[in-house]
Amino acid sequence: MAHSVALVGATSLVGEAVLDMLLSAEVPFEHLVALDDGVDEAAVASYGERNLRVQEISAERVAGAEVVLLAADQPLAPALCAILSAAQVRVLDLTGCWSAEYSATGVVDCAARGPGIYRQSQSVTNLLRPVLQPLLANYGIEQVHVTALLAVSEAGQGGVRELAAQTTSLLNARGADPKRFGNKQLAFNIFPGYAGLQNNQPLQLEQQSQAELQAFVGLEKAAISVRALLTPVFFGHGLQVVLQTANPVTVEAVQALWAEQAGLVLLDEAEEGWPTSVTESAGQDDLFVGRVSGVSGSDRHLNFWIVSDNVRRGVAYDAVQQTLTLIKHLL
């Protein structure tokens with residue numbers, strides 16, 4: 001059976017990754033509508049050997065779509081949400097901007113509720129889920145503390161362009177001339193937060209990630225912290241995780257457990273070294289885990305490092321899986 005899907009933000013980084021993964025999934029589409037805001041008449045989005053003409057977004061153009069994926073860059077997302085909210089369709093928001101009642105983690109629930117905007121989990125949460133869930137099922141978890149080193153593509157194409165411009169300017173013996181991220185130099189630098197510090201309150205990405213982790217079955221009463229740092233890397237988040245299990249655990253047992261998980265790669269560090277955001281994960285759909293160790297004096301603590309492409313695996317992969325599941329439940 002053919003399906004109808006609309007992709008808003010088809011020319012964004014996430015939009016391009018979503019199209020690539022929809023093509024790989026070989027979903028038979030009756031209509032695959034590529035939309036964006038403020039596009040010119042010549043704008044196209046690549047879909048295999050085809051070029052999809054990118055059209056200006058409107059409520060009429062998304063009407064009739066079984067699922068609308070909102071993948072636009074974040075500065076455009078709030079205005080686009082307003083248009084889509086009025087269109088009375090099921091919208092999966094991949095931008096994190098929609099502070100809606102519903103979460104996209106319950107795809108079956110999304111099918112039952114009908115039209116509305118459903119916010120997908122943050123990229124940090126999506127990268128942690130496949131790693132934490134086997135530990136929850138086998139050992140239980142009482143504490144999780146995450147330091148997330150974010151790539152600038154978390155902010156979309158504007159973040160990538162800003163880092164590229166600053167790096168080029170500095171390498172040519174000129175000043176960084178920052179335009180984004182609080183007008184501070186990001187190239188060859190690290191920010192202790194993402195989206196700007198405000199009165200020393202937790203940042204939105206940190207708050208949402210913590211709340212999403214707390215919603216995992218088995219983590220409702222766990223102590224959870226997420227600290228997000230912005231790094232001068234184009235693609236690929238790195239997550240440093242320290243956790244405490246409810247029951248005794250060994251590094252060897254956990255590595256054997258993770259080795260059974262599809263899409264999760266444990267490197268042979270003696271042969272391949274530690275996984276890095278750039279070398280291993282950029283452009284890939286797998287999660288890479290390394291530097292797994294215990295904590296001195298405890299048999300219930302683990303310390304490990306995760307890297308993965310934040311655009312492809314952190315957002316687009318989960319979005320496509322949720323879309324396919326949602327379509328299945330709408331048949």
Side-chain angles (χ1 to χ4, degrees), residues 103 105-106 121-151 154 190 192-194 200-231 236-270 273-277 280-281 286-308 310 313-314 318:
S103 166
T105 53
S121 301
Q122 293 284 346
S123 60
V124 170
T125 309
N126 291 335
L127 298 181
L128 285 167
R129 185 181 291 111
V131 180
L132 296 184
Q133 284 183 331
L135 300 181
L136 269 169
N138 287 270
Y139 300 102
I141 296 175
E142 294 182 348
Q143 295 190 42
V144 184
H145 303 289
V146 183
T147 301
L149 282 71
L150 306 181
E154 181 71 24
I190 294 178
Y194 171 67
N200 294 321
Q201 295 299 311
L203 305 180
Q204 183 182 34
L205 182 145
E206 295 174 355
Q207 289 178 315
Q208 290 183 352
S209 298
Q210 286 175 194
E212 291 161 0
L213 290 172
Q214 206 90 56
F216 283 16
V217 175
L219 286 183
E220 299 91 341
K221 297 183 179 179
I224 298 173
S225 67
V226 177
R227 179 61 59 88
L229 287 67
L230 189 62
T231 65
H237 287 353
L239 309 179
Q240 176 62 39
V241 183
V242 179
L243 61 78
Q244 178 181 323
T245 57
N247 300 301
V249 64
T250 66
V251 169
E252 293 74 20
V254 167
Q255 288 176 322
L257 186 64
W258 282 335
E260 299 173 355
Q261 309 303 311
L264 202 160
V265 179
L266 281 165
L267 295 187
D268 181 345
E269 294 178 3
W274 298 318
T276 71
S277 298
E280 275 73 32
S281 73
D286 289 327
L287 287 157
F288 296 83
V289 181
R291 297 216 64 192
V292 186
S293 66
V295 174
S296 178
S298 172
D299 62 357
R300 295 194 298 123
H301 281 80
L302 284 173
N303 196 326
F304 54 91
W305 168 247
I306 305 169
V307 296
S308 193
N310 54 297
R313 183 58 192 247
D318 285 84

>> L136 vs V217, test: side chain to side chain contact (heavy atoms under 4.5 Å, CB included). Steps then yes/no.
In response: CA-CA 8 Å; L136 269 169; V217 175; over 6 Å; no
Minimum heavy-atom separation for [X] to [Y], with atom names?
X    : Y    : answer
I306 : L287 : CG2-CD2, 4.0 Å
W258 : P134 : CD1-CG, 4.5 Å
I141 : A222 : O-CB, 3.9 Å
D318 : N126 : OD1-CB, 3.6 Å
S209 : T125 : CA-OG1, 3.6 Å
L150 : A228 : CD1-CB, 3.9 Å

To the nearest 0.5 angstrom, please state how far the [atom1] atom of [X] sits from the [atom2] atom of [Y].
X    : Y    : atom1 : atom2 : result
L213 : S121 : CG    : OG    : 9.0 Å
E154 : L230 : CD    : CG    : 9.0 Å
D299 : T245 : CG    : OG1   : 7.5 Å
Q143 : L219 : CD    : CG    : 11.5 Å

>> Applying the side-chain contact (heavy atoms from CB on, under 4.5 Å) criterion to F304, which one of V242, V254, L243, L239 satisfies it?
In response: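 Testing F304 for a side-chain contact (heavy atoms from CB on, under 4.5 Å) against V242, V254, L243, L239 leaves exactly one candidate, L243.
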So does [Y] get a backbone contact from the side chain of [X], meaning a donor-acceptor N/O pair under 3.5 Å?
X    : Y    : answer
W305 : P275 : yes
N310 : G236 : yes
S293 : V251 : no

>> Out of the candidates E206, H145, Q210, only one should pair with S225 under the side-chain hydrogen bond (donor to acceptor under 3.5 Å, both in side chains) rule; please name it.
In response: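 Between S225 and the candidates, side-chain hydrogen bond (donor to acceptor under 3.5 Å, both in side chains) is satisfied uniquely by H145.
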> Any side-chain heavy atom of T276 sitting closer than 4.5 Å to one from F288?
Replying inline: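 Sidechains of F288 and T276: no contact.
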> Within a strict 4.5 Å, meaning less than it, do heavy atoms of the Q240 and N303 side chains meet?
Replying inline: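 Yes, at least one pair of side-chain atoms sits under 4.5 Å.
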>> Would you say that more than 12 heavy atoms from the other residues, nucleotides or ligands in this model lie under 6.0 Å from the CZ of R227, or not?
In response: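 Incorrect, the count does not exceed 12.
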>> Using the rule given for side chain to side chain contact (heavy atoms under 4.5 Å, CB included), can you reason through T231 versus H237, listing the C-alpha separation, both sets of side-chain angles and the distance that settles it, and then say yes or no?
In response: CA-CA 9 Å; T231 65; H237 287 353; over 6 Å; no
>> Please determine whether side chain to side chain contact (heavy atoms under 4.5 Å, CB included) holds for the pair Q133 and Q261, giving the CA-CA distance in whole Å, both sets of side-chain angles, and the decisive distance to 0.1 Å.
In response: CA-CA 10 Å; Q133 284 183 331; Q261 309 303 311; over 6 Å; no
> Can R313 and S281 be said to form a side-chain hydrogen bond (donor to acceptor under 3.5 Å, both in side chains), step by step?
Replying inline: CA-CA 9 Å; R313 183 58 192 247; S281 73; over 6 Å; no
> What do the steps show when you test V226 against Q122 for side chain to side chain contact (heavy atoms under 4.5 Å, CB included), and what is the final call?
Replying inline: CA-CA 12 Å; V226 177; Q122 293 284 346; over 6 Å; no
